[in-house]
Number of protein chains: 2
Amino acid sequence: MSDNSPDFTVSLRAAGLRPTRQRVALARVLFEGGHRHVTAESLHAEVKATRMPVSLATVYNALNQFRDAGLLREVVVAPGRSYFDTNIGHHHHFYVETDGELYDFPSADVVVAGLPAPPEGTRLSRVDVIVRVRR
Amino acid sequence: MSDNSPDFTVSLRAAGLRPTRQRVALARVLFEGGHRHVTAESLHAEVKATRMPVSLATVYNALNQFRDAGLLREVVVAPGRSYFDTNIGHHHHFYVETDGELYDFPSADVVVAGLPAPPEGTRLSRVDVIVRVRR
DNA sequence: GCAAGTCTTTAGAATGCTTCTAAGGTTCTT
DNA sequence: AAGAACCTTAGAAGCATTCTAAAGACTTGC
Ligand SMILES: [Mn+2]
Ligand SMILES: [Mn+2]
Ligand SMILES: [Zn+2]
Ligand SMILES: [Zn+2]
């Protein structure tokens, strides 16, 4: 590579995924700017606009693979409304119910204390805090 | 009414809903015992077992109406996985990702402190804490 | 570089959950 | 009891997501 763009080929390979044209194009849209909250549909629209057509099935495949590889996390806010989040650090969300928008806020400010022990035989996976607001 | 069962006719009417046979049968299954987490499908199976057949469309209609009336709350834990919760008091949830079970825990024990102010022009609706665990 | 092997993409079909349609039935009001 | 309003229902439709299987792309060893 002779330019200064991040080498998604390397990170995809490190995640155990072949760096195909489609996955590289999707990774660029997802990870080149700041943090993003995308749906499969919105990402599909964006990547098509880059003149690298990718099928919707491939967008779903890639999002699920990226999530399974730890490159993304999934946030479910409402039935049939799932966002993929490029911010994989500790943080929580505002969800604006009236228009479907999702905003981050750092978990550093928030204290979630006094959680009971997980049910017998289970191990903690993640604590999601979703603050639902309306306009 | 001559027996000692709760009069769902009254609570349904208070919620602005006609106490039809179907809604009363559903209310009985939902509210007669302790708190419940049901899906449309699971409730449909239960009410059919009471020999009062109700269509699945009616179960969906009733769950949405009960929720809109504040008799139930909806908890979305995963894409395509929505529970209706008869516990409408303040509490939070353990979600066992590996088998789809949902358990309550009281919010009294839990402190969620330091939440940032809601985005401009929005009002707080609810704070959901979902503690995800795996077996 | 080339072939073989493996993995990926894709269009379109299928799925699963939820909502809609519109026709017939129930409940409420007078 | 009659009219009006509302409710239930089967089946169709909708929507997000996954599956199928055939064609294409990437990788490895030569
Ligand atoms: Mn998914
Ligand atoms: Mn619903
Ligand atoms: Zn986020
Ligand atoms: Zn609950």
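All chains are named by letter (A, B, ...) in the order of the sequence lines, taking the proteins before the strands, and each is independently numbered beginning at 1. Side chains included, hydrogens not; waters and symmetry mates left out as well; all remaining heavy atoms used. Model, not experiment: these values are computed from the prediction.
Residue B:Ser55 places no side-chain N or O under 4.0 Å from the OP1 or OP2 atom of D:dT8. Phosphate proximity of C:dT8 to A:Asn61: absent, as no side-chain N or O sits under 4.0 Å from OP1 or OP2. For the pair B:Arg13 and C:dC28, the criterion of a side-chain N or O lying under 4.0 Å from OP1 or OP2 is met. Distances shown here put a side-chain N or O of B:Gln22 below 4.0 Å from the OP1 or OP2 atom of D:dT9. At C:dT27, none of the side-chain N or O atoms of B:Arg23 fall inside 4.0 Å of OP1 or OP2 (strictly under the cut-off).
Put simply, CG on A:Leu56 is 18 Å from P on C:dA14, counting in whole angstrom units. In this entry the distance linking CZ of B:Arg21 with C1' of C:dT27 reads 10 Å, nearest Å. In this structure, B:Gln65 places its CD atom 7 Å from P of D:dT8, rounding to the nearest Å. When the P atom of D:dA16 is taken as reference, atom CZ of A:Phe84 falls 14 Å away, rounded to whole Å. With rounding to whole Å, A:His44 atom NE2 is found 16 Å from D:dC15 atom C1'. Straight-line distance from the OH atom of B:Tyr60 to the C1' atom of D:dA12: 16 Å, rounded to whole Å. Going from atom CG of A:Leu26 over to atom P of C:dT10 covers 9 Å, rounded to whole Å.
Relative ring orientation between A:Phe31 and A:Phe66 is described as tilted, the plane-to-plane angle lying within the 30° to 60° band. The aromatic rings of B:Phe105 and B:Phe94 are tilted relative to each other, their planes meeting at an angle between 30° and 60°.
When ring centroids are compared, B:His91 and B:His35 stay outside the 6.0 Å threshold.
Among all heavy-atom pairs drawn from B:Leu124 and B:Pro118, the shortest one is N-CG, 4.5 Å.
Applying the salt bridge (Lys or Arg N to Asp or Glu O under 4.0 Å) definition to pairs two or more places apart or across chains, none involves residues 79-89 of chain A.
Within 4.0 Å of A:Arg81, counting heavy atoms only, lies no atom of the nucleic acid at all. Backbone-only contact: A:Thr20 has heavy atoms under 4.0 Å from sugar-phosphate atoms and none from a base.
The 5' end of DNA chain C is approached more closely, in terms of each residue's nearest nucleotide, by A:Met52 than by the other of A:Met52 and B:Glu41. With the nearest nucleotide of DNA chain C identified for both B:Pro19 and B:Gly80, B:Gly80 has the one nearer the 5' end.
Judged by atom type and distance alone, A:Arg18 does not reach the base of C:dT8 through any side-chain donor-acceptor pair under 3.5 Å.
Side chains of A:His92 and A:Asp128: no donor on one and acceptor on the other come within 3.5 Å.
Using a distance-only test at 3.5 Å, with no hydrogens or angles considered, no donor-acceptor pair links the side chain of A:Thr98 to the main chain of A:Arg134.
Each end of the helix from C:dG1-D:dC30 to C:dT30-D:dA1 gets its own axis, taken as the rotation carrying the C1' atoms of four end pairs onto the next four within a five-pair window, and the two axes meet at 30° to the nearest 10 degrees.
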